[in-house]
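For reference, the structure discussed in these notes is given below.
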Amino acid sequence: MSARTIAFIGLGVMGAPMAANLVRAGFDVVGYNRTAARTDALVAAGGRAAPSAAEAAEGADAVITMLPDSPDVESVVLGEGKVLDRMRPGSLLIDMSTIRPDVARALALAGAEAGVRVLDAPVSGGEQGAVEAKLSIMVGGEEDAFDAARPVLDALGATVVHVGPAGAGQTVKAANQLIVAGVIELVSEALVFLDAHGVDRGSAVRVLAGGLAGSAVLDRKAPSMLARDFDPGFRVDLHHKDLGIVTAAAREAGVAIPMGALAASLMASLRAQGFGDLDHSALLLQVERLSGREGETSN
Ligand code: NAD
């Protein structure tokens, strides 16, 4: 079965451009968001708006959720007036939010009981990757469900990989968030270090990007960090949530992640200081404070 009608629930920073890309790829997209005005852009792009998540799901070949956190996905899919009740047997539920792997596995079990094929398919690549349909999509679930979802996922991402059974996609995403937080922290430390030595940081970043220190974080985040532009992007609140998933999952597996635990603590501190709505690259502010160099801006 190939999906033609897609219900898209959660039209935020990521969901809105993803839904628009599905319209562009020729799918019939029915959107729902808790803040109703967020469906306007989808309608302008040629999609449709539904008055509730359950009504969006009615008759859809596939339902995609792109919501903030595990409780949001649980309440939309399994809660009162639940989406799962409205889905027809054989259809696909693709959760693209970043949530706990154990919750992803519970959704897959609930789906199996209802005859619905469930995939966890979290993404990496940020808002830019969503807008350009170049996301990395890590998919957990049954092979046949992955094959059926492939045309939908290919319309959203450039790197789409089936990484294992239910929950495996979320485990890979947790590893992604561990790496990204650690690299942002080290890039922040390097920027403060360079500044303290009076080195031109723009030139430094250019040459660092061409060597072993080069990374997508350095390419995509360093320019806005130097410009002190911390508009999200990916909010500190969400990365804090993800590092909670990482530390809990590491503990559950009996694995020590000392750098990850430190990054989680620094992210939590940034949030506690009232910066939860800034982009996660605002870790730079935290690093500046540690050295008493708040607001130092020489580039
Ligand atoms: P966001 O907060 O911008 O968007 C979430 C949307 O869901 C909002 O529009 C909100 O109104 C809506 N929503 C919340 N509860 C709802 C409900 N019960 N019913 C319907 N709509 C509801 O978040 P985002 O940045 O788009 O992130 C979404 C998910 O993708 C998160 O799990 C995040 O961790 C993950 N993610 C984000 C990025 C990024 O760069 N922003 C990158 C990769 C993954």
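Whatever order the structure lists them in is the order used to number ligands and atoms, beginning at 1.
The side-chain heavy atoms of Glu55 and Arg86, taken from C-beta on, include a pair separated by under 4.5 Å. Residues Val118 and Asp95 have side chains not in contact (no heavy-atom distance under 4.5 Å, counting atoms from C-beta outward). Taking the side chain as every heavy atom from C-beta outward, Val172 and Pro122 never approach each other to under 4.5 Å.
Atom numbering of ligand 1 starts at 1 in the shown order; those under 4.0 Å from a heavy atom of Gly12 are 3 (O), 4 (O), 6 (C), 9 (O), 26 (O). Residue Val123 approaches ligand 1 through these ligand atoms, each under 4.0 Å from one of its heavy atoms: 43 (C), 44 (C). Under a 4.0 Å criterion applied to the non-hydrogen atoms of Leu238, ligand 1 contributes the atoms 23 (O), 25 (O), 27 (O), 33 (C). Residue contact check: Tyr32 has heavy atoms under 4.0 Å from atoms 19 (N), 20 (C) of ligand 1. Those atoms of ligand 1 that come under 4.0 Å of a heavy atom in Thr98, given as number and element, are 32 (O), 34 (O), 35 (C), 44 (C). Each of the following atoms of ligand 1 lies closer than 4.0 Å to a heavy atom of Arg235: 2 (O). Contact atoms of ligand 1 toward Arg38: 9 (O) (distance under 4.0 Å to a heavy atom of the residue). The contact set between ligand 1 and Gly233, taken as ligand atoms under 4.0 Å from a residue heavy atom, comprises 41 (N).
Side-chain polar atoms of Thr39 and Asn33 form no donor-acceptor pair below 3.5 angstrom.
From the protein, the heavy atom lying nearest to atom 34 (O) of ligand 1 is Lys241 NZ, 2.8 Å. Among all non-hydrogen protein atoms, the one lying nearest atom 30 (O) of ligand 1 is Met66 CE, 3.1 Å. Nearest to atom 42 (C) of ligand 1 among the protein's heavy atoms is Met14 CE, 3.6 Å. In terms of protein heavy atoms, atom 38 (C) of ligand 1 is closest to Phe234 CD1, 3.3 Å.
Residue Lys173 places no N or O, backbone or side chain, under 3.5 Å from any N or O of ligand 1. Checking only distances, Val13 does come within under 3.5 Å of ligand 1, N or O to N or O. Checked by distance only, ligand 1 and Asn33 come closer than 3.5 Å through their nitrogen or oxygen atoms. The shortest N/O to N/O separation between Arg34 and ligand 1 falls below 3.5 Å. Remark: ligand 1 and Asp69 share no N or O pair separated by less than 3.5 Å (distance only, no angle test). Checked by distance only, ligand 1 and Leu67 come closer than 3.5 Å through their nitrogen or oxygen atoms.
Between the side chain of Lys173 and the main chain of Asp242, no donor-acceptor pair closer than 3.5 Å is present.
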Glu185 and Gln286: CA distance, side-chain angles, deciding distance, side-chain hydrogen bond (donor to acceptor under 3.5 Å, both in side chains) verdict: CA-CA 9 Å; Glu185 172 62 22; Gln286 177 83 309; over 6 Å; no
Step-by-step salt bridge (charged side-chain N to carboxylate O under 4.0 Å, His left out) determination, Glu294 to Arg289: CA-CA 5 Å; Glu294 285 152 272; Arg289 282 180 183 205; 3.6 Å; yes
Step-by-step salt bridge (charged side-chain N to carboxylate O under 4.0 Å, His left out) determination, Arg48 to Asp28: CA-CA 8 Å; Arg48 297 185 280 137; Asp28 174 25; 2.8 Å; yes
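At a heavy-atom distance under 4.0 Å, only side-chain atoms of Val76, from C-beta outward, approach ligand 1.
Comment: Asp69 does not engage Arg100 in a salt bridge, judged by the lack of any side-chain N to carboxylate O separation of less than 4.0 angstrom.
Of the inter-residue distances, the one linking Ile179 atom CD1 with Ile184 atom CD1 reads 12.0 Å to the nearest 0.5 angstrom.
Applying side-chain contact (heavy atoms from CB on, under 4.5 Å) to Thr65 and the options Leu107, Ile99, Val77 leaves one that passes, Val77. The residue from Arg235, Lys221, Arg228 that alone fulfils the salt bridge (charged side-chain N to carboxylate O under 4.0 Å, His left out) condition with Asp279 is Lys221.
In this structure, Ala53 has no heavy atom closer than 4.0 Å to ligand 1. Proximity of His239 to ligand 1 is not established, as no heavy-atom distance is less than 4.0 Å.
Between His280 and His239, the ring-plane angle classifies as tilted under the 30° and 60° cut-offs.
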